[in-house]
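Notes follow the structure.
All ligand and atom numbering here is 1-based and tracks the order in the structure. All values below were derived from every heavy atom in this structure, side-chain atoms included, with hydrogens, water molecules and symmetry-related copies excluded.
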Amino acid sequence: MTQPASPLQDVYQAADLTRWPQATAGVTPPVRLAVFGDPVAHSLSPQFQQAALDHYGIAARYARIHVPVAGLGTALRQLPAAGFIGVNLTIPHKMAALELVDGADEHARLLGAVNTVTVDGERLLGFNTDGPGFVRAVRAEFSVDVRDLRILILGAGGGAGRGIAVQCAREGCARLVLVNRTAAKATALAADLEPFFHSQRLLGPSARLAAIPWEEPQLRRELAQTDLVVNASAVGLQPTDPSPLPAALLAPHLLVLDTIYVAPRTRLMQAADEVGARSANGLSMLLQQGALAFEIWFGRPAPLPAMRAALERAGAVGIN
Ligand code: NAP
């Protein structure tokens with residue numbers, strides 16, 4: 001008797017991996033990629049990764065799997081037997097995953113975090129595409145290279161902010177200013193990144209690397225010597241949040257990248273509009289880190305237009 005076809009579920013559970021053929025019976029083509037997270041229902045990765053798979057006619061589905069912290073190791077170890085090509089990892093798994101994979105690339109080791117895993121036989125290899133995705137997003141949105149910019153990062157002490165800061169340092173950006181609500185985190189990160197700023201690129205009297213408190217006088221002084229402002233803090237995620245920087249602190253010469261992507265025009269972007277500064281939200285970064293993951297899994301260029309169109313269909317608008 002033929003089994004009736006079952007639709008892909010919105011979210012699978014970690015326990016489903018122990019009986020993956022039964023849990024996904026009738027799903028065609030088979031699920032061979034997924035994002036692990038807790039929570040995971042909000043993840044937009046399935047939308048644009050599926051578009052990339054479909055674009056190339058790759059017979060695979062991309063699913064969401066709800067994996068709690070305690071279940072990550074077991075879930076990862078079940079991937080080879082379940083026939084997976086790889087997975088993405090989102091909150092709260094990125095750091096823990098580094099200890100659970102069999103090998104990791106340089107980006108992942110430096111950041112202490114993995115967002116992409118590829119299955120190689122029985123081995124699991126970890127990668128981090130968040131930082132390189134940020135670099136590609138800056139290029140796509142503003143047609144400039146990170147290495148040519150003086151960059152100020154708000155929320156530099158969080159997971160995303162740290163990743164972006166490490167990437168900027170590795171790229172050899174002209175100047176890097178780290179700002180965090182809990183100032184000690186920015187200071188500690190600056191100490192870690194010091195070795196990247198030993199070269200003799202001269203910029204006048206100001207140090208190439210600094211950590212400053214999240215306070216108006218210091219921000220005003222630093223923003224006068226900044227080309228790109230990045231908001232990697234959670235301020236702006238809630239509809240009731242203010243802009244992380246008031247328009248009065250911004251200026252027309254600034255490029256403003258808000259990593260938040262819950263709105264096409266975030267509060268910070270609205271503040272940038274008020275002074276005539278160019279700005280972008282976090283969708284481009286999201287798309288680019290996913291494109292790099294696709295390239296790791298399949299060794300071919302990610303079909304960005306198809307992926308972008310899928311994100312726009314999912315309701316996320318306003319990306320270049
Ligand atoms: P996280 O590790 O929890 O970091 C949160 C950051 O926000 C910390 O720096 C925290 O400062 C700061 N923060 C929280 N509330 C604040 C407040 N009221 N005032 C000032 N600072 C505050 O989270 P995450 O994963 O890094 O995510 C941070 C942001 O990045 C989110 O908005 C997320 O949407 C965005 N993100 C975007 C992408 C993308 O692809 N576009 C990817 C990842 C993350 P303390 O250290 O003082 O707590």
Ala160 contact mode with ligand 1 (heavy-atom cut-off under 4.0 Å): both
Which bit of Thr259 is near ligand 1, meaning a heavy atom under 4.0 Å away: side chain, backbone, both or neither?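 It is both backbone and side chain that touch ligand 1.
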Less than 4.5 Å apart, any side-chain heavy atom of [X] and any of [Y]?
{"X": "Gln288", "Y": "Arg139", "result": "no"}
{"X": "Trp214", "Y": "Asn180", "result": "no"}
{"X": "Arg300", "Y": "Ile58", "result": "yes"}
{"X": "Leu124", "Y": "Arg77", "result": "yes"}

Quick check on contacts: which atoms of ligand 1 are under 4.0 angstrom from a heavy atom of [X]?
{"X": "Tyr261", "answer": "39 (C), 41 (N)"}
{"X": "Ala232", "answer": "28 (C), 29 (C), 30 (O)"}
{"X": "Trp214", "answer": "20 (C), 21 (N)"}
{"X": "Lys185", "answer": "45 (P), 46 (O), 48 (O)"}
{"X": "Thr182", "answer": "45 (P), 46 (O), 47 (O)"}
{"X": "Gly155", "answer": "9 (O)"}

With respect to [X], determine whether any N or O atom, backbone or side chain, lies less than 3.5 Å from an N or O atom of ligand 1.
{"X": "Ile260", "value": "no"}
{"X": "Gly158", "value": "yes"}
{"X": "Met285", "value": "no"}
{"X": "Leu283", "value": "no"}

Does the protein place a non-hydrogen atom closer than 4.0 angstrom to atom 46 (O) of ligand 1? yes
Strictly inside 4.0 angstrom of atom 3 (O) of ligand 1, do you find any protein heavy atom? no
Do any pairs count as a ring-ring contact (aromatic ring centres under 6.0 Å, His included) and have a residue in residues 16-61, sequence neighbours left out, and if so which ones? Tyr12-Trp20, Trp20-Phe84, Tyr56-Phe294
Under 3.5 Å, is there a donor on one side chain and an acceptor on the other for Asp38 and His66?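 Yes.
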Show the numbers, then the answer: is there a side-chain contact (heavy atoms from CB on, under 4.5 Å) between Tyr261 and Leu44? CA-CA 11 Å; Tyr261 52 81; Leu44 292 173; 4.1 Å; yes
Evaluate side chain to side chain donor-acceptor pair (under 3.5 Å) for Glu171 paired with Gln167, printing each intermediate quantity in order. CA-CA 6 Å; Glu171 297 283 322; Gln167 190 69 30; 3.0 Å; yes
How far is [atom] from the closest protein heavy atom, and which atom is that?
{"atom": "atom 7 (O) of ligand 1", "result": "Ala234 N, 3.0 Å"}
{"atom": "atom 48 (O) of ligand 1", "result": "Arg181 NH2, 2.9 Å"}
{"atom": "atom 19 (N) of ligand 1", "result": "Val235 CG2, 3.3 Å"}
{"atom": "atom 1 (P) of ligand 1", "result": "Gly159 N, 3.9 Å"}
{"atom": "atom 9 (O) of ligand 1", "result": "Asn180 OD1, 2.7 Å"}

Residue pair Gln49, Met307: steps toward the side-chain contact (heavy atoms from CB on, under 4.5 Å) verdict: CA-CA 7 Å; Gln49 293 293 1; Met307 296 170 89; 3.8 Å; yes
Should Gln289 be listed as contacting ligand 1, given a heavy-atom distance under 4.0 Å as the test? no
Could you pull out, from Val262, Asn281, Asp241, Leu237, the option with a heavy atom nearest to atom 34 (O) of ligand 1? Leu237
Ser279 vs Arg265, side chain to side chain donor-acceptor pair (under 3.5 Å): CA-CA, chis, key distance, verdict: CA-CA 9 Å; Ser279 64; Arg265 304 298 299 167; 3.3 Å; yes
Please identify which of these residues, Thr116, Asn88, Asp130, Asn115, meets the side chain to side chain donor-acceptor pair (under 3.5 Å) condition with Lys94. Asp130
Does His253 use its side chain to pair, donor to acceptor, with the backbone of Thr226 at less than 3.5 Å?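 It does hold such a pair.
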Is there a path of hydrophobic side-chain contacts, each under 4.5 Å between heavy atoms of I/L/V/M/F/W/Y residues, joining Leu292 to Trp297? no
